[in-house]
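Worksheet: the structure to be examined is printed underneath.
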Amino acid sequence: TIADGQAVVVVGDFNMLPDSAQFQHVTRGAHDQPSPIVLTDALAAAEKGHRGPHSTFHGFGEKLIPNRRIDYIFVGPGVRVIEHEILPDRYNGRPPSDHVPVIAEIVIE
């Protein structure tokens, strides 16, 4: 496999929603193509749960756009997710980006 048995953590702006076919491909594999590794959404796997909003995009607006979680942390086998958080913090009243940070406490077993 690509990771050759090593722990895998993939983070970033994927521009896909949790109910999209692309998300399903990442987290479940494709029924017509075997996937070398199926990843788990860290939010769903968090043992202590999730804190913060469930949206990550605001386009530099004043508020997060509802139901726009497009930034993720995915983990492979052997990676435990303790806690997951989306941080809507602003600095001097301004967001640092058009997206908000996503963080997770993980343990590689």
Side-chain angles (χ1 to χ4, degrees):
T1 66
I2 294 171
D4 196 26
Q6 299 297 308
V8 174
V9 179
V10 181
V11 301
D13 169 7
F14 290 87
N15 284 325
M16 63 183 177
L17 297 172
D19 61 353
S20 69
Q22 296 85 358
F23 184 92
Q24 301 306 312
H25 184 76
V26 170
T27 58
R28 294 192 178 106
H31 58 276
D32 61 339
Q33 296 177 329
S35 179
I37 186 168
V38 174
L39 301 173
T40 300
D41 178 7
L43 185 148
E47 295 172 10
K48 292 185 179 179
H50 167 77
R51 290 190 299 175
H54 284 268
S55 186
T56 62
F57 182 72
H58 54 75
F60 288 112
E62 289 298 315
K63 296 181 180 180
L64 287 169
I65 298 170
N67 303 314
R68 292 295 296 175
R69 184 164 74 104
I70 59 175
D71 304 274
Y72 300 90
I73 299 173
F74 293 108
V75 299
V79 179
R80 283 180 46 220
V81 180
I82 306 303
E83 191 168 23
H84 183 277
E85 186 170 3
I86 294 174
L87 302 171
D89 299 351
R90 291 178 172 258
Y91 304 93
N92 296 323
R94 298 184 59 174
S97 170
D98 58 336
H99 297 244
V100 295
V102 179
I103 63 173
E105 179 183 349
I106 63 171
V107 175
I108 297 175
E109 299 180 320

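Position 1 is the first residue of the sequence, and the numbers go up from there. For the numbers below, each heavy atom of this structure counts, side chains included, while hydrogens, waters and symmetry mates do not. Note that the structure is predicted; figures quoted are calculated from it, not measured.
Rounded to the nearest 0.5 Å, atoms CZ (Arg80) and CD (Glu109) are 5.0 Å apart. The line from NE2 of His25 to CG of Leu39 is 10.0 Å long, rounded to the nearest 0.5 Å.
Nearest approach of Val81 to Ala104, heavy atoms of both residues: CG1-CB, 4.3 Å. Shortest non-hydrogen contact noted between His58 and Ser97 is CE1-O, 2.9 Å. Here the closest non-hydrogen pair linking Arg90 and Pro95 is NH1-CD, 3.0 Å. Residues Ser55 and Leu64 approach most closely at O-CD1, 3.5 Å, considering heavy atoms. Shown here for Pro18 and Phe23, the closest heavy-atom pair between the two residues is O-CD2, 3.1 Å. For Pro88 against Val100, the heavy-atom pair with the smallest separation is CA-CG1, 4.0 Å.
Each of Phe57, Phe60, Tyr72 was compared with His99 under the ring-ring contact (aromatic ring centres under 6.0 Å, His included) criterion, and only Phe57 meets it.
Not a single donor-acceptor pair under 3.5 Å links the side chain of Arg69 to the backbone N or O of Pro53. Under the 3.5 Å distance criterion, the side-chain polar atoms of Thr56 are matched with a main-chain donor or acceptor of Asp71. Here the side chain of Asn92 pairs no donor or acceptor atom with the backbone of Arg94 at under 3.5 angstrom.
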(Q) If you apply the rule side-chain contact (heavy atoms from CB on, under 4.5 Å), what do you find for Ile103 with Leu87, and how did you get there? (A) CA-CA 8 Å; Ile103 63 173; Leu87 302 171; 4.0 Å; yes
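A 4.5 Å side-chain heavy-atom check between Val79 and Val8 finds every atom pair outside the cut-off. No side-chain heavy atom of Asn15 sits under 4.5 Å from any side-chain heavy atom of Gln22. The side-chain heavy atoms of Val9 and Phe74, taken from C-beta on, include no pair separated by under 4.5 Å. A 4.5 Å side-chain heavy-atom check between Arg68 and Leu17 finds at least one atom pair inside the cut-off. Side-chain contact check for Ile70 versus Asp13: some heavy-atom pair is nearer than 4.5 Å.
One hydrophobic cluster holds both Ile108 and Val11 under the rule that ILVMFWY side chains link at heavy-atom gaps under 4.5 Å. Using a 4.5 Å cut-off between side-chain heavy atoms of Ile, Leu, Val, Met, Phe, Trp and Tyr, with links allowed through other members, Leu43 and Val26 fall into different hydrophobic clusters.
By the 30° and 60° cut-offs, the orientation of the rings of His84 relative to His50 is tilted.
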